[in-house]
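Given the structure is predicted, the values throughout are model-derived calculations rather than measurements. Throughout, a chain's letter reflects where its sequence line sits, starting with A, and its residues are numbered from 1.
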Protein chains: 2
Amino acid sequence: MKKVIIVGAGFAGLNAAKLLGNKKGIEVTVIDRKNHHLFQPLLYQVAMAGLSPAEIAIPIRSLLSRYKNIRVLKGLVEGVDFEKRQVIVDCGLFSYDYLILACGAKHTYFGNNEWEEHAPGLKTIEQATEIRRRVLNALEEAERENDPQRQKQLLTFVIVGAGPTGVELAGAIGEMSRYTLARDFRNIDPKLTRIILVEAGPRILPAFSEKLSSQATRNLEKLGVQAWTSSYVTHVDKNGVQIGKERIQAATVLWAAGVESASIGKQLGFPLDPQGRILVSDDMSVEGHSEVFVAGDQAHFSDQDGKMLPGIAPVAMQQGKFLAKNILREIQGKARLSFKYRDKGQMAAIGRNRAIAEVGTFQFHGFFAWILWLTIHIYYLTGFKNRLFVIVQWAIAHLSFHKGARLIINKEWRFYEKTPKPVQLDKKTRSPKPVAQMVH
Amino acid sequence: MKKVIIVGAGFAGLNAAKLLGNKKGIEVTVIDRKNHHLFQPLLYQVAMAGLSPAEIAIPIRSLLSRYKNIRVLKGLVEGVDFEKRQVIVDCGLFSYDYLILACGAKHTYFGNNEWEEHAPGLKTIEQATEIRRRVLNALEEAERENDPQRQKQLLTFVIVGAGPTGVELAGAIGEMSRYTLARDFRNIDPKLTRIILVEAGPRILPAFSEKLSSQATRNLEKLGVQAWTSSYVTHVDKNGVQIGKERIQAATVLWAAGVESASIGKQLGFPLDPQGRILVSDDMSVEGHSEVFVAGDQAHFSDQDGKMLPGIAPVAMQQGKFLAKNILREIQGKARLSFKYRDKGQMAAIGRNRAIAEVGTFQFHGFFAWILWLTIHIYYLTGFKNRLFVIVQWAIAHLSFHKGARLIINKEWRFYEKTPKPVQLDKKTRSPKPVAQMVH
């Protein structure tokens with residue numbers, strides 16, 4: 001019985017596990033710190049209240065319950081003993097014959113971690129919920145506000161980083177303020193919303209062709225999004241951002257700028273690239289340990305031309321499947337193969353009905369590209385229930401211009417605090433505060 | 001132009017607002033601390049991962065956006081100046097001609113607020129999410145645990161209070177452990193789950209007939225729920241509860257025992273009943289202020305026989321509509337009417353396909369009562385989208401025995417802490433901790 005341990009149930013880990021599921025002679029343990037697999041390409045929709053968390057996050061247990069040889073553990077990997085071939089998890093030691101590390105990536109502030117408080121990234125459901133809370137609270141506060149300066153600040157949104165995530169976030173905020181919220185507010189004109197997309201490079205979506213990149217800029221402008229290229233954020237605080245010499249007062253700043261590999265890579269002492277990805281050989285194994293593999297965003301794999309594969313879902317999926325097949329081959333006594341990426345193209349959505357897409361030498365933009373984008377994303381959403389739900393919810397959202405999940409959910413769930421404060425009430429107004437406020 | 005202020009957008013406030021919507025000569029301001037109306041009768045389904053928050057919580061703005069004379073404010077009411085007829089909100093003063101207080105109720109620990117930490121109540125989405133987190137985390141931990149004592153504690157669930165909420169929670173936990181989770185875990189037998197429903201009175205569901213109450217007890221037993229009647233909880237801590245002389249080690253304790261009216265009632269100085277409800281006269285107005293009304297769970301209204309109306313959704317809905325009609329009558333120069341409650345019966349679900357229902361002298365239980373329960377709850381779920389979604393989601397959940405929203409969402413969204421701790425790694429295992437754990 002060969003023991004395979006997979007750390008991380010993202011696209012790479014999950015695809016590896018599924019192919020190893022119900023295979024004879026193999027026992028699989030999938031370890032993840034979360035209880036759910038996350039369909040990250042649609043995470044911006046949760047942040048922008050278009051989808052509910054449960055529509056794109058699915059319990060790992062449910063996804064793998066049909067495979068009797070797979071055990072799922074919610075746990076934190078603390079280290080690996082490569083000599084004894086044991087993974088050290090916070091609940092015990094787990095032995096392996098093959099180890100797949102697929103721990104993914106997190107966002108980075110390039111050494112300014114204190115910015116996180118004021119500019120959340122978008123990698124987890126928790127962060128998406130936080131972004132939703134901030135965006136919706138800013139609008140609610142703007143509705144109550146009578147000071148035009150403060151109202152302007154509340155209606156200013158800065159998105160740092162113009163890769164697909166930044167563009168999709170900016171487009172969704174534009175849509176939300178232009179159409180969806182326009183009829184719900186009385187005291188603010190949502191069209192006054194200012195959305196600034198900041199990019200250090202010379203153009204947005206640098207991974208796409210120049211033509212599509214400029215098309216995307218045009219589409220974003222129609223939604224009220226200004227793209228500031230060749231611009232660096234030099235400071236972030238709770239009132240806004242500093243971009244070179246310009247100060248922007250903004251209540252909401254979102255971070256989509258940098259990516260750094262999961263920190264376990266550094267800890268394990270493997271050779272890394274500057275972003276912390278583990279360098280892997282042709283068969284995705286690490287130096288000196290042919291039984292240890294790395295896949296997905298955590299791996300630095302260079303293709304035949306020496307070009308590094310990007311950190312996107314199709315790469316992770318193909319690598320996960322490849323590793324499972326190679327392990328099965330080796331167990332059957334066959335030689336390992338080398339990983340080859342089949343590039344199926346890339347795409348990004350811009351607002352509610354536009355997208356750009358590159359497939360080989362073909363380039364699309366506009367509504368047709370959006371239909372392509374929609375079809376592919378729904379197709380890959382794992383699990384029948386979620387696929388159906390996303391179709392229904394999106395159909396309704398499109399027909400009604402309503403946002404489906406515009407909830408502000410607080411972090412605090414308790415009513416009672418440990419030490420209730422004694423409150424002095426004003427005798428006339430029965431209010432705990434002196435009253436000297438504007439009458440509406 | 002008459003100004004109406006409605007505080008609280010629960011069943012009472014929302015129904016009042018809708019009837020006043022788009023009526024000439026009336027300006028309505030709806031103030032709520034949350035941005036959403038909550039369909040509380042289905043909140044236990046969110047806690048038990050059957051539904052997503054957005055399926056039963058709907059933004060108040062969306063619900064009222066079609067009424068041009070209604071303004072919605074997310075704000076906290078801090079007091080009322082009855083002389084000047086002004087409501088003091090945390091963002092300013094708001095004048096009224098008519099004031100409707102419909103702030104609802106919270107759960108109470110009868111003076112033991114420190115129990116809340118260990119035994120969350122179920123009144124808000126935040127609490128439902130917390131309960132879901134605790135129940136699912138207990139199961140995940142049980143799966144990792146090898147100590148049988150600790151595993152037993154993790155699989156023990158205590159629900160305090162056997163009104164409809166307590167019964168519905170207990171039934172849902174029973175279902176979850178019996179059927180839904182049975183196939184997803186490898187290291188625990190979910191049937192070992194112990195579910196104890198604690199009730200101080202002599203029988204569960206005291207508001208129902210004795211026959212239905214004993215029927216419900218039988219149904220709960222089939223789901224593995226033990227009903228402990230005439231039992232008092234005397235202590236709650238993080239490891240369990242004390243019930244008289246018996247100590248129960250339980251990782252999860254849920255509180256459905258006491259209800260107390262929103263604290264603003266006490267603050268405003270009106271005559272209250274022992275649960276903090278404001279005593280109201282025949283037209284739901286308060287003593288000495290014929291332009292101030294109280295409705296829903298915050299009001300203590302006695303019917304013709306001197307019996308107080310219970311704190312349930314139908315009462316709140318009828319009172320909200322009644323108040324809107326009375327205000328419209330008065331503006332048109334007609335005399336006010338007195339409120340009369342039309343009792344449409346009561347019901348409670350027990351697990352996945354059973355319920356009890358009382359309609360007048362008719363009593364139902366079993367599957368037919370459940371169909372009745374389901375139909376009525378879906379019918380009243382406000383808004384087409386949500387109605388459709390709940391039907392689809394429940395249909396799928398029933399066909400597949402899957403739970404739709406079994407997500408553990410953490411409260412912390414940040415990756416980076418302010419002061420990263422320096423970690424000493426073991427040289428061989430590359431782990432920050434000394435390794436002396438059980439090998440699996």
- Apply side chain to side chain contact (heavy atoms under 4.5 Å, CB included) to A:Leu154 and A:Glu145, showing your working. CA-CA 9 Å; A:Leu154 287 165; A:Glu145 189 59 58; 4.3 Å; yes

Check each atom of [X] against the heavy atoms of chain A and say whether the ones under 4.5 Å are side chain, backbone, both or neither.
| X | result |
| --- | --- |
| B:Tyr67 | backbone |
| B:Lys68 | both |
| B:Ile264 | neither |
| B:Gln267 | both |
| B:Asn187 | neither |

- Task: Name the region of A:Val72, side chain, backbone, both or neither, that has any atom closer than 4.5 Å to a heavy atom of chain B.
- Result: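 When you check distances to chain B, only backbone atoms of A:Val72 fall under 4.5 Å.
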
- Query: Which bit of A:Lys74 is near chain B, if near means a heavy-atom gap under 4.5 Å: side chain, backbone, both or neither?
  - Reply: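 For A:Lys74, the contact with chain B is made by backbone and side chain together.
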
- Query: What option among B:His36, B:Lys34, B:Lys84, B:Glu141 has the most heavy-atom pairs under 4.5 Å with chain A?
  - Reply: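 Maximum pair count with chain A is reached by B:His36.
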
Given 3.5 Å as the limit, does a donor-acceptor pair link the side chain of [X] with the main chain of [Y], or not?
| X | Y | answer |
| --- | --- | --- |
| B:Asp81 | B:Glu83 | yes |
| A:Arg132 | A:Val46 | yes |
| B:Asp90 | B:Leu76 | yes |

- Message: Applying the ring-ring contact (aromatic ring centres under 6.0 Å, His included) criterion to B:Trp115, which one of B:Phe110, B:Tyr109, B:Trp255 satisfies it?
- Response: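 The passing option is B:Trp255.
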
- Begin from the C-alpha positions of B:Gln151 and B:Glu143 and carry the test side chain to side chain contact (heavy atoms under 4.5 Å, CB included) through to its verdict. CA-CA 8 Å; B:Gln151 205 184 35; B:Glu143 173 79 355; over 6 Å; no

